[in-house]
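Down below is the structure, laid out as structure tokens.
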Amino acid sequence: MRVSLTRLLPMEGAEEQLPDICGPGAISLNGTLTFLGTGTSMGVPTLGCQCAVCTSVDPHDRRLRPSVLLRWTEAPPGSERVVVIDTGPDFREQALRERITHVDAVLYTHAHADHILGMDDLRPLSFISERRGGPIPLYADAEATKILEQVFSYTFSPDSTYLTRARVRLIPLAEHNTVLGVDFGRIPLMHGEQMIAGFRFGNTAYMTDVSAIPKTSFALLEGVEVLILSALRHTPHPSHSTIEQSVAWARRIGARQTWFTHIAHDLGHEETNRSLPGDIQLAYDGLSMPITL
Ligand SMILES: [Zn+2]
Ligand SMILES: [Zn+2]
């Protein structure tokens, strides 16, 4: 079957034709969220670094590039749905660790290298997806779409002659995105000078690479019970919040539990978590928790 490499309109996707049984105000589903990676862009240990965290023997101090995995079981026929937020350079290793055997959709927060470079590792999974009904939908805003099309031109160019390219299609990210019946609301966030996307799904929000949260975005976070927020280190950075800043936002949002991600090698897991309140903790790679979608 010939695969169209052009960007399809949202209405053309097979999954959009499914009844929206689990959107806002509808029946909720039980799902699981797993941290595929919790490290900053360089990963921890950082290459060439001999600091205490980079040489730590605590497995919690090994952090792959940031990404989360969501799984839920669809109402009859009961198939397992798998959605990934960002595919960083460690995606292949993360997918093997979490025994990911298929991916139904990917949502991108933004197109920095640590969030997109694993896109190509979707290839074998995308062949499975294609056999099941179509290419893997990749949700990305206009800026991220432009970069994905440049970086992976051999995948997205209509002139591509690369036969084993990923079977994926870009879908413009909307304010609300219904992915296999689950609503993923876009939460606008500032990452330095750039506006990027966080996501709200059911009782959970995923907000990485945040340096500022626009006032209007706080309203979109009302009722969030599980909050995932980036917190780089204690020292200020132009495009990432510090632990102190993220603690203040976590308190303002008031989730039952907040998990920090996108963590630099400045922060040792045990020591940092001892210094934080119990309802605000550093996450770690492989940490899994139930969520409601
Ligand atoms: Zn990042
Ligand atoms: Zn970034």
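Just so you know, ligand 1 is whichever comes first in the structure, and atom 1 is the first atom listed for that ligand.
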| said: Thr34 vs Arg71, test: side chain to side chain donor-acceptor pair (under 3.5 Å). Steps then yes/no. | reply: CA-CA 8 Å; Thr34 304; Arg71 295 191 213 243; 5.4 Å; no

| For the Zn ion (ligand 1), does an N/O/S atom of His115 lie at less than 2.8 Å? | yes

| query | Do Thr109 and Met207 come close enough that some side-chain heavy atom pair is under 4.5 Å? | reply | no

| remark: Among N, O or S atoms, His110 approaches the Zn ion (ligand 2) most closely through NE2

| said: Tell me whether the NZ or CZ atom of Arg167 lies within the 45° cone about the ring axis of Phe127 and under 6.0 Å from its centre. | reply: no

| field | Minimum-distance atom from the Zn ion (ligand 2) among N, O or S atoms of His112 | value | ND1

| Taking both backbone and side chain into account, is any N, O or S atom of His262 nearer than 2.8 Å to the Zn ion (ligand 1)? | yes

| So, Asn273 versus Tyr284: side-chain donor-acceptor pair below 3.5 Å or not? | no

| What is the name of the N/O/S atom in Asp114 that sits closest to the Zn ion (ligand 1)? | OD2

| field | the Zn ion (ligand 1) - name of the N/O/S atom of Asp209 that sits closest to it | value | OD2

| request: Quick one: report the N, O or S atom of His191 that is nearest to the Zn ion (ligand 2). | output: NE2

| field | Member of Asp86, Asp90, Asp285 meeting the side-chain hydrogen bond (donor to acceptor under 3.5 Å, both in side chains) criterion with Arg65 | value | Asp90

| field | Main-chain N/O of Gly202 paired with Thr292 side-chain donor or acceptor, under 3.5 Å | value | no

